[in-house]
Amino acid sequence: LSLYSSPARETKYVENPQTQLEEGVSRLRHVMEPYTAWCQLGFFFFLGTELIDSSKVKVDSSLCSDFFSEGCEFLQNPPAGFYPRLGVIGFAGIVGLFLARGSRIKKLVYPAGLMGIGASMYYPQQAVSIAKVAGTQLYDWSLQGYIAVESLWKDN
């Protein structure tokens, strides 16, 4: 036997049998395939791409409102630096989920707070206007609560 050569081994690839879960998912995918294809065709038709023939898909015109067309147009032609900003804000949310171990309140507050901080770094004017509106709303709610508690206190 040589030091540098090894005897040829006969190997066979044996595929693992499918589990019940895999078979169930496979059946579900086959059943849902026409519906997902219809949704994808409708989405591409809605975006105005040239991937399909418009005579094959019937899309309700009420779905094609100005709001959705403006949103699609914005995402197709975003301003410079939009996607990196979006990535930073999304990553802040993921970090918030990672840090929010334990209670459900933390899982709601941490990601929203970190995403809010990230968004306020990139969009300070909008953050100030949202903070002003939220502050006045919070003040109004606290005043209503104070009046309700005061009326209950006076009744007793």
*Is the count of non-hydrogen atoms from other residues, nucleotides or ligands lying under 6.0 Å from Q137 atom CD greater than 12?*
yes
Other ILVMFWY residues reachable from [X] by side-chain steps of under 4.5 Å:
{"X": "Y139", "answer": "L143, I147"}
{"X": "V128", "answer": "none"}
{"X": "V25", "answer": "L21"}

*E150: side chain to side chain contact (heavy atoms under 4.5 Å, CB included) partners, not counting sequence neighbours*: Y146, K154
*Who passes side chain to side chain contact (heavy atoms under 4.5 Å, CB included) against P79, sequence neighbours left out?*
F74, F82
Pairwise distance [atom1]([X]) to [atom2]([Y]) - rounded to 0.5 angstrom:
{"X": "E22", "Y": "R27", "atom1": "CD", "atom2": "CZ", "answer": "12.0 Å"}
{"X": "M115", "Y": "I94", "atom1": "CE", "atom2": "CD1", "answer": "9.0 Å"}
{"X": "L97", "Y": "L108", "atom1": "CG", "atom2": "CG", "answer": "9.5 Å"}
{"X": "L99", "Y": "L114", "atom1": "CG", "atom2": "CG", "answer": "6.5 Å"}

*Minimum-distance pair of heavy atoms, taken over all atoms of P111 and G96*: CG-C, 3.8 Å
*asked:* On a heavy-atom basis, which atom in R85 and which in G81 lie closest, and how many Å separate them?
replied: CG-O, 3.1 Å
*Linking I/L/V/M/F/W/Y whenever any side-chain heavy atoms sit under 4.5 Å apart, do V109 and V95 land together?*
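Yes; V95 is reachable from V109 via cluster members.
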*If you look only at pairs with a residue in residues 86-137, which of them pass as a ring-ring contact (aromatic ring centres under 6.0 Å, His included), with sequence neighbours excluded?*
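Qualifying pairs: none.
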